[in-house]
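Report on the structure given below.
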Amino acid sequence: MLMREIETDIVPWCLENKVSLCIYWPLMKGLLTGKLPRDIVFQKGDGRAKYPMFQGEEYQKNQDLLDRLRAIADEAGHTVTELVVNWTIHQPGITTALCGAKRAQQIRESAGGMGWGLSATQQAAIDEALKLRGQPVTLPAV
Ligand SMILES: NC(=O)c1ccc[n+]([C@@H]2O[C@H](COP(=O)([O-])OP(=O)(O)OC[C@H]3O[C@@H](n4cnc5c(N)ncnc54)[C@H](OP(=O)(O)O)[C@@H]3O)[C@@H](O)[C@H]2O)c1
């Protein structure tokens, strides 16, 4: 949802050549579950701290996005995690999403992103939320 670069070249190529596509980080290392507080302070050594998506203004913009996604998920009767997984696996050309998990409950919740579909209205609301979010900076500065 936050890293869309593959949509310009890789996804069209895979679709044209009938190649399946497995994506990683669908939950953006836990960010897109909506569970992290706005005022998070990472422990020393937490690898997430080096990514712009977890820093400063970018992080606050992501929290604004999550507030909008939470409203859409509530209306749909799902969690934010389920909404994000569902949206991800229904994007054109995406065959599989590699969802990480630390606990069995997390596997169950991510699996709850399968087996249902977003309405056109919900889809449009997510598109609008992503448009309001704007282009994210996702990779660490080198
Ligand atoms: N091939 C490659 O180049 C490549 C690159 C990157 C990653 N990967 C692979 O992709 C897989 C997924 O990566 P990832 O685990 O970093 O990303 P992810 O799926 O975006 O995030 C998973 C993390 O989110 C949290 N989480 C998951 N479900 C949750 C739930 N229901 N509620 C709350 N928190 C939840 C857990 O961490 P916490 O509980 O700690 O928050 C979990 O470890 C891994 O197997 C990784 O090895 C491959």
If you group Ile, Leu, Val, Met, Phe, Trp and Tyr by side-chain heavy-atom gaps below 4.5 Å, do Trp116 and Ile107 land in one group? no

Does Met3 share a hydrophobic cluster with Tyr59, counting links as ILVMFWY side-chain heavy atoms below 4.5 Å and allowing steps through other members? yes

When every non-hydrogen atom of Ser110 is compared with those of Thr81, the smallest separation belongs to OG-CG2, 4.1 Å

So, the side chain of Glu82 versus the backbone of Thr79: is there a donor-acceptor pair under 3.5 Å, distance only? yes

Please check this pair: side chain of Gln106 against backbone of Lys102, looking for a donor-acceptor N/O pair closer than 3.5 Å. yes

Please table the atom pairs, donor to acceptor, closer than 3.5 Å between any side-chain atom in residues 17-38 and protein atoms at least two apart or in another chain.
residue, atom, partner, partner atom, Å
Asn17, ND2, Trp13, O, 2.8
Thr33, OG1, Gly30, O, 2.6
Thr33, OG1, Lys35, N, 3.3
Arg38, NH1, Gln60, OE1, 2.8
Arg38, NH1, Asp64, OD1, 3.2
Arg38, NH2, Asp64, OD1, 2.6
Arg38, NH2, Asp67, OD2, 3.0

Any side-chain heavy atom of His78 within less than 4.5 Å of one from Glu109? no

Tell me every residue that passes side chain to side chain donor-acceptor pair (under 3.5 Å) with Arg103, counting only those two or more places apart in sequence or in another chain. none

Checking Arg4 against Leu130 for the side-chain contact (heavy atoms from CB on, under 4.5 Å) test, could you report, in this order, the C-alpha distance in whole Å, the side-chain angles of both residues, the deciding distance, and whether it holds? CA-CA 11 Å; Arg4 309 282 294 273; Leu130 288 169; 3.6 Å; yes

So which heavy atom on Phe54 is nearest to which on Arg48, and how close? CD1-O, 3.2 Å

With rounding to the nearest 0.5 angstrom, report the OG1 to CD1 distance, Thr96 to Ile89. 9.5 Å

Quick check: closest heavy atoms across Leu83 and Leu69, and the distance to 0.1 Å? CD2-O, 3.6 Å

Identify whether Met53 and Val80 are in the same connected component of the hydrophobic contact network (ILVMFWY, side-chain heavy atoms under 4.5 Å). yes

Indicate yes or no: at least one non-hydrogen side-chain atom of Leu132 is less than 4.5 angstrom from one of Leu65. no

Would you name the heavy atoms of Arg68 and Arg133 that are closest together and state the gap between them? NH1-N, 4.4 Å

Got a second to check how far Thr88's OG1 is from Ile94's CD1, nearest 0.5 Å? 8.0 Å

For Gln55 and Tyr51, what are the C-alpha separation, side-chain angles and deciding distance, and is it a side-chain hydrogen bond (donor to acceptor under 3.5 Å, both in side chains)? CA-CA 7 Å; Gln55 297 169 356; Tyr51 291 96; over 6 Å; no

Shortest non-hydrogen separation from Cys99 to Val85 and the atoms involved: SG-CG2, 4.1 Å

Thr8 side-chain N/O to Glu5 backbone N/O, donor-acceptor pair under 3.5 Å: yes

So, does Glu58 use its side chain to make a donor-acceptor pair with the main chain of Val137 at under 3.5 Å? yes

Considering non-hydrogen atoms only, spot the tightest contact between Gln123 and Trp87 and give its length. NE2-NE1, 3.4 Å

The criterion is salt bridge (charged side-chain N to carboxylate O under 4.0 Å, His left out); which residues satisfy it with Glu57, sequence neighbours excluded? Lys61

